[in-house]
Amino acid sequence: MKDLLRQRLQAALQECYATGTLASGAAPEVQLEVPGNPDHGDFATNLAMMLAKPERKAPRQVAEALVTALGDGGGLWRRLEIAGPGFINFTLAPLAWFGTLDEILRRDAVFGSATTGAGRKVQVEFVSANPTGPLHIGHGRGAAVGDTLCRLLAATGWDVTREFYYNDAGAQIANLALSVQARCLGIEPGDERWPADGYQGEYIRDVARSYLAGETVDAGDQHVTAAADPHDLDAIRRFAVAYLRREQDQDLQAFDVRFDVYSLESALYTDGKVEDVVRRLIASGHTFEADNALWLRTTGFGDDKDRVMRKADGSYTYFVPDVAYHLDKWQRGFSRVINEQGADHHSTITRVRAGLQALDVGIPKGWPDYVLHQMVTVLRGGEEVKISKRAGSYVTLRDLIEEVGRDATRFFFLMRRSDAQLVFDIDLAKQQGNENPVFYVQYAHARVCSINRNAAEQGVPLPAAGEAELAALTLDEEVALTRLLARYPEVVAGAAESLEPHRLAFYLQELAAAFHSYYNRQRVLVDDPAVTRARLLLVNAVRIVLRNALGLLGMAAPERM
RNA sequence: GCGCGGUUAGCUCAGAUGGAUAGAGCGUUGGCCUCCGGAGCCAAAGGUCACAGGUUCGAAUCCUGUACCGCGCGCCA
């Protein structure tokens, strides 16, 4: 619809130049918007105002010329007016809207999807929690945002690879092994033999118990049987990592989040990719030695200080494998990569990008893209629940899903822009009333399904789409509802392009509200069969869009509740 | 101190890439069930868009500065 109007405006502009009514030859991008105020029609353009300067005429004068050239639009609109400082407002003929409904009903499950991605490859890395404990609520936000980003990109034609990176090497893992070992030996937190900065959570006790019992853990491609020897630190480490990977996999499964590729930091070492990157960086001349350490001159790439690559003890700092990992992504052919991560890891961005630039292999400056999510605070009973992994007191993702349900959890995480902090009110998420937007939206879908059931009982089948059937939709609110439905593809495209999944959540609430309002005011199943059929088609178009949008958020569209 | 994010109604937050009279939910107040599911609907009240400048036909939106909140600033990840 928008594209059609845009074409008409382009044509009108060209005609003005051809007839000499306008002279500048300027060709600004034609912007069309849906005005907030319905009095301003269905669409509005600021084209005349943009042309005012190059034309050196008053905006309204330019608008006059354009409106004359637009003519009657061949019945596409029923009103065309110049308003305010020089807007041109279009009010479409009701008939023009029926095409949209027809399209929704015909395209059904794929309505809203697009081909803008043209099958190009994009890789999205998200969650990427260290295997040192269960997933907490912050990972949950990352999982919800990342997963919906993937769904949005796939819906707009991208070939998406979902990837999870396990930091299963390094100091934190060593720390994990020590913590489990301490538990194996019956050492409690607080004991003077307890490792400094050890993980104190109860789950460490579970890992220790399982290890001592000689259990076997299957996680991804890892199958580890516990050696049960509390003095074999290396065996403990392998077992603990596998154990916690399995836990995290189960958490993600409960959240309905899946990955195509799991990458292990440890593999970057065993495959020699870390050494390779170090050699390349040294060869490119961006490193230096100082204080018994090897440094990367990241200040040459916008960092505020240089960073150590190889510590005095000979091991590497975390960002070296990170750079190796991203070089690997690049070499796998991902010219577009999006990393979704918590804002507390923000400082890695400059470092990783700097390392990649220093490699001199033609990686673009701003590569990869990042989507950061801000911190989550949890509210229970109006009180903030403190999160501390090392102290072991925090809300796990699995607890949350069990308590409030998968759908509500996902929706709450996606109700906010990811770069704004989020307050997760557990009590609200659990409520089954109108205070809770999750139920409000899903209920709208269930309601349409209920109407369909009643229609079927009354022997009224859902008619085939077609403009003839839709002509019985004459009410303003029916046009308004259709207008909202017609906006859906743009919402999807906008959310995908700007990497802002929350837009879907807001759109869903708006659509549900419009539907509930319509439902309350008008009956669908009425005496007049023509009206009944038309309204059935309308509410089923609503059902389709609700279901598609819920699907993109990874939520169910229940037929009854 | 430096970097990033935030600041919009009593509360929680949108604001579609610069548009017309700044919106929603919750909460508050007052209405609507002989009616396809009241898990719903309608209405009212509620604003110095943190502050000060700037850019232009036009700014919550872009730029500069200030204030406050969060996060980061390690040879941890």
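Letters A, B, ... mirror the listed sequences (proteins, then strands); counts begin at 1. Reckoned from all heavy atoms, side chains included, excluding hydrogens, waters and symmetry mates.
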As its Watson-Crick or G-U partner within any shown strand, both distances under 3.5 Å, B/U48 has none

Quick check: any donor-acceptor pair below 3.5 Å linking the side-chain of A/Asp304 to the base of B/G3?
no

Return yes if the base of B/C76 and the side-chain atoms of A/Gln172 contain a donor-acceptor N/O pair under 3.5 Å, otherwise no.
yes

Side-chain N,O (A/Lys311) to OP1/OP2 (B/G74) below 4.0 Å:
no

A/Asp344 CG to B/C73 P, straight-line distance once rounded to whole Å:
9 Å

Rounded to whole Å, how long is the line connecting atom CG of A/Leu508 with atom P of B/A24?
18 Å

Respond yes when some side-chain nitrogen or oxygen of A/Arg417 is under 4.0 Å from OP1 or OP2 of B/G5, and no when none is.
no

Taking any heavy-atom pair under 4.0 Å as a contact, classify A/Ala455: base, sugar-phosphate, or nothing.
nothing

Parallel, tilted or perpendicular: rings of A/Tyr165 and A/Tyr325 (30°, 60°)
parallel

When you check the gap from the basic side-chain N to the acidic O, do A/Lys57 and A/Glu64 get nearer than 4.0 Å?
no

Please give, in whole Å, the distance from B/C73 C1' to A/Tyr318 OH?
10 Å

Verify stack between A/Phe87 ring and B/A20 base, 5.5 Å, 30 degrees
yes

Check the orientation of A/Tyr262 and A/Tyr166. Use parallel for under 30°, tilted for 30 to 60°, and perpendicular for over 60°.
parallel

Modelled atom types, side-chain donor and acceptor of A/Asn167 and A/Gln172, under 3.5 Å
no

Select one nucleotide: of B/C75, B/A20, B/C73, the one nearest the side-chain heavy atoms of A/Trp295.
B/C75

For A/Leu511 and B/G23, give me the distance from atom CG to atom P, rounded to whole Å.
20 Å

Pair A/Ser128, A/Gln341: side-chain N/O donor-acceptor within cut-off below 3.5 Å
no

A/Ser517 side chain near B/C42 phosphate (N/O to OP1/OP2, under 4.0 Å):
yes

Taking atom C1' in both B/C73 and B/A16, compute the distance separating them and give it to the nearest angstrom.
35 Å

Given B/G5, is OP1 or OP2 found less than 4.0 Å from the side-chain N or O atoms of A/His373?
no

Whole-Å distance, A/Met561 CE to B/G40 P, equals 10 Å

Can you tell me how far C1' in B/G27 sits from the matching atom in B/G46, rounded to whole Å?
11 Å

Looking only at atom C1', what distance separates B/G47 and B/G15, rounded to whole Å?
15 Å

Classify the ring geometry between A/His502 and A/Phe506 as parallel (under 30°), tilted (30 to 60°) or perpendicular (over 60°).
perpendicular

Does B/C42 have OP1 or OP2 under 4.0 Å away from a side-chain N or O of A/Tyr519?
no

Check whether any side-chain N or O of A/Arg447 sits under 4.0 Å from OP1 or OP2 of B/G38, and answer yes or no.
yes

With sugar-phosphate meaning primed atoms plus P, OP1 and OP2, does A/Asn46 contact a base, only sugar-phosphate, or nothing at under 4.0 Å between heavy atoms?
base

Under 5.5 Å and under 30°: A/His40 stacked on B/A20:
yes

